[in-house]
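Quick notes on the structure that follows.
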Amino acid sequence: MEKKRKGKSEERVGYILVFPAMTLIVLFFAVPFLDNLAASFTGEHTGTFAGLENYGKVLNEPAFFTAVKNTAVWTVSVTAAQFLIGFALALLCSRKIAGISLLRPVFLFPWAIPGVVAALAWKWIYNTDFGILNLILHDLGLIRENISWLTVPGTAMLAAIIMSAWKGSPFYFMMLFAGLTGVPADLYEAAAIDGANGVQRFFFITLPQLAPVITMSLTLGTIWTLNAYENIFALTGGGPSRQTETLPLYIYSTAFTYFRMHDAVVPSIILFMCVTGLAGLYLVVQKKGGQQA
């Protein structure tokens, strides 16, 4: 009985401590969202209920579907590249190699740089006339004429993906390296005694042990990439010809470049639902994993 009362008392204290933060979330997040949600179903000038008229208007815009396609390409490509690079670096740093510990801060360097600063640095690297990338490719004999990386539709998205992969891979490196350090060495020793090779140990020990970390990091990384704005805005501005304009950039340009504030509400609601869906999927996967464990 005493333990039960103590538990309720601690629960009450927890609610009291969380209350200020929850109040701020309601005031600065829930209220604006509900206001935008209501606005998405009302006419811009009349203020009366318009049903799905605003949604139909957005869905009839070719620029919206271009932004959706760009967002899908951007999110999948960047997330996959960041994860693979981060995983490779984590595996490298987990090995007993002389001096490898000195490289860990170097691998974290891109993550420490502000997004806009990183984008402007890469904009200089990609510069058509004096960018270091064209200079290197010239010296290697791979190109004869300078490539306009950021002004040609065929290369602009690729350039943005490479920049973002470099910038965000340290996040996966930190998460996965921390996960690798927590894998019991006894499992590898037992597998080696049973005759398992390196590939088998990787697929049957490393990956299963890292599954919760991989799921969490991929979910967070995908949400951040889906919402990414400042990096690609500073690098390409959504150009050329909207070939790198993702949904966040589309929402921004609709609201603040073309001053169509009401038209920007619907795509922002759609983006929010995508993010919410990813978060919900993660919670479902995490719950099932916990039940199986």
Side-chain angles (χ1 to χ4, degrees), residues 71-113 115 118 122 140 157-228 231 274-293:
T71 302
V73 173
W74 164 263
T75 304
V76 173
S77 301
V78 170
T79 302
Q82 289 177 349
F83 175 77
L84 292 175
I85 295 172
F87 205 170
L89 294 176
L91 291 173
L92 177 64
C93 288
S94 65
R95 294 184 175 274
K96 296 180 180 179
I97 302 174
I100 193 66
S101 60
L102 298 176
L103 292 177
R104 292 173 193 167
V106 177
F107 295 151
L108 295 175
F109 179 71
W111 184 257
I113 301 176
W122 276 89
L140 294 175
M157 180 60 80
L158 176 62
I161 289 171
I162 292 173
M163 181 273 296
S164 190
W166 171 84
K167 179 73 175 68
S169 58
F171 164 73
Y172 291 95
F173 163 64
M174 289 186 294
M175 298 292 290
L176 295 171
F177 179 71
L180 285 171
T181 57
V183 178
D186 296 345
L187 296 177
Y188 292 108
E189 293 174 1
I193 292 173
D194 291 337
N197 56 35
V199 176
Q200 291 172 326
R201 291 196 296 269
F202 176 77
F203 282 102
F204 292 102
I205 296 178
T206 303
L207 285 182
Q209 291 291 317
L210 289 179
V213 178
I214 291 174
T215 303
M216 182 182 64
S217 59
L218 280 176
T219 303
L220 293 175
T222 303
I223 291 174
W224 289 337
T225 304
L226 187 62
N227 281 314
N231 293 352
C274 292
V275 172
T276 304
L278 285 172
L281 179 63
Y282 166 69
L283 292 176
V284 171
V285 172
Q286 186 186 45
K287 185 177 181 181
K288 287 184 176 180
Q291 289 176 349
Q292 291 175 358

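Treat the numbers as computed from the prediction; the structure is a model and nothing was measured. Sequence positions, counted from 1, serve as the residue numbers for this chain.
- For the atom pair OG1 of T206 and OH of Y188, the computed distance is 2.5 Å after rounding to the nearest 0.5 Å.
- At least one donor-acceptor pair under 3.5 Å links the side chain of S217 to the backbone N or O of V213.
- In terms of heavy-atom proximity, V106 sits nearest to L102 at CG2-O, 4.1 Å.
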Q. So I205 and V183, side chain to side chain contact (heavy atoms under 4.5 Å, CB included) or not? Walk me through it.
A. CA-CA 8 Å; I205 296 178; V183 178; 4.2 Å; yes
(Q) Using the rule given for side chain to side chain contact (heavy atoms under 4.5 Å, CB included), can you reason through Y172 versus I214, listing the C-alpha separation, both sets of side-chain angles and the distance that settles it, and then say yes or no? (A) CA-CA 9 Å; Y172 291 95; I214 291 174; over 6 Å; no
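- Taking 4.5 Å as the limit, some side-chain heavy atom of I162 sits within range of a side-chain heavy atom of W122.
- Across every non-hydrogen atom of T79 and G221, the tightest pair is OG1-O, 4.3 Å.
- One distance of note links CG of L108 with CG of L103; it measures 11.0 Å at 0.5 Å rounding.
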Q: Check the pair L220 / Y282 against side chain to side chain contact (heavy atoms under 4.5 Å, CB included), numbers first and verdict last.
A: CA-CA 9 Å; L220 293 175; Y282 166 69; over 6 Å; no
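- The shortest non-hydrogen separation linking Q82 to G168 is NE2-CA, 3.4 Å.
- Listed here is the closest heavy atom pair of S77 and I161: CB-CD1, 3.6 Å.
- Shown here for S164 and W74, the closest heavy-atom pair between the two residues is CB-CH2, 3.5 Å.
- Considering only heavy atoms from C-beta on, W166 stays 4.5 Å or farther from I85 through its side chain.
- The heavy-atom pair separating C274 from L226 by the smallest distance is CB-CD2, 4.0 Å.
- Classification of the W224-W111 ring pair by plane angle, with boundaries at 30° and 60°, yields tilted.
- Note that CG of N197 is 12.5 Å distant from CZ of F202, once rounded to the nearest 0.5 Å.
- Side-chain contact check for T219 versus L281: every heavy-atom pair is 4.5 Å or farther apart.
- The structure places CG of L210 at 10.5 Å from CE of M175, a figure rounded to the nearest 0.5 Å.
- Note that CG of L176 is 8.5 Å distant from CZ of F171, once rounded to the nearest 0.5 Å.
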Q.
Is there a side chain to side chain contact (heavy atoms under 4.5 Å, CB included) between F173 and R104? Walk through the geometry before answering.
A. CA-CA 9 Å; F173 163 64; R104 292 173 193 167; 4.2 Å; yes
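- Taken to the nearest 0.5 Å, the NZ atom of K167 stands 10.0 Å off from the CZ atom of F109.
- Counting heavy-atom neighbours within 6.0 Å of F203 CZ, excluding the residue itself, gives a total of 12 or less.
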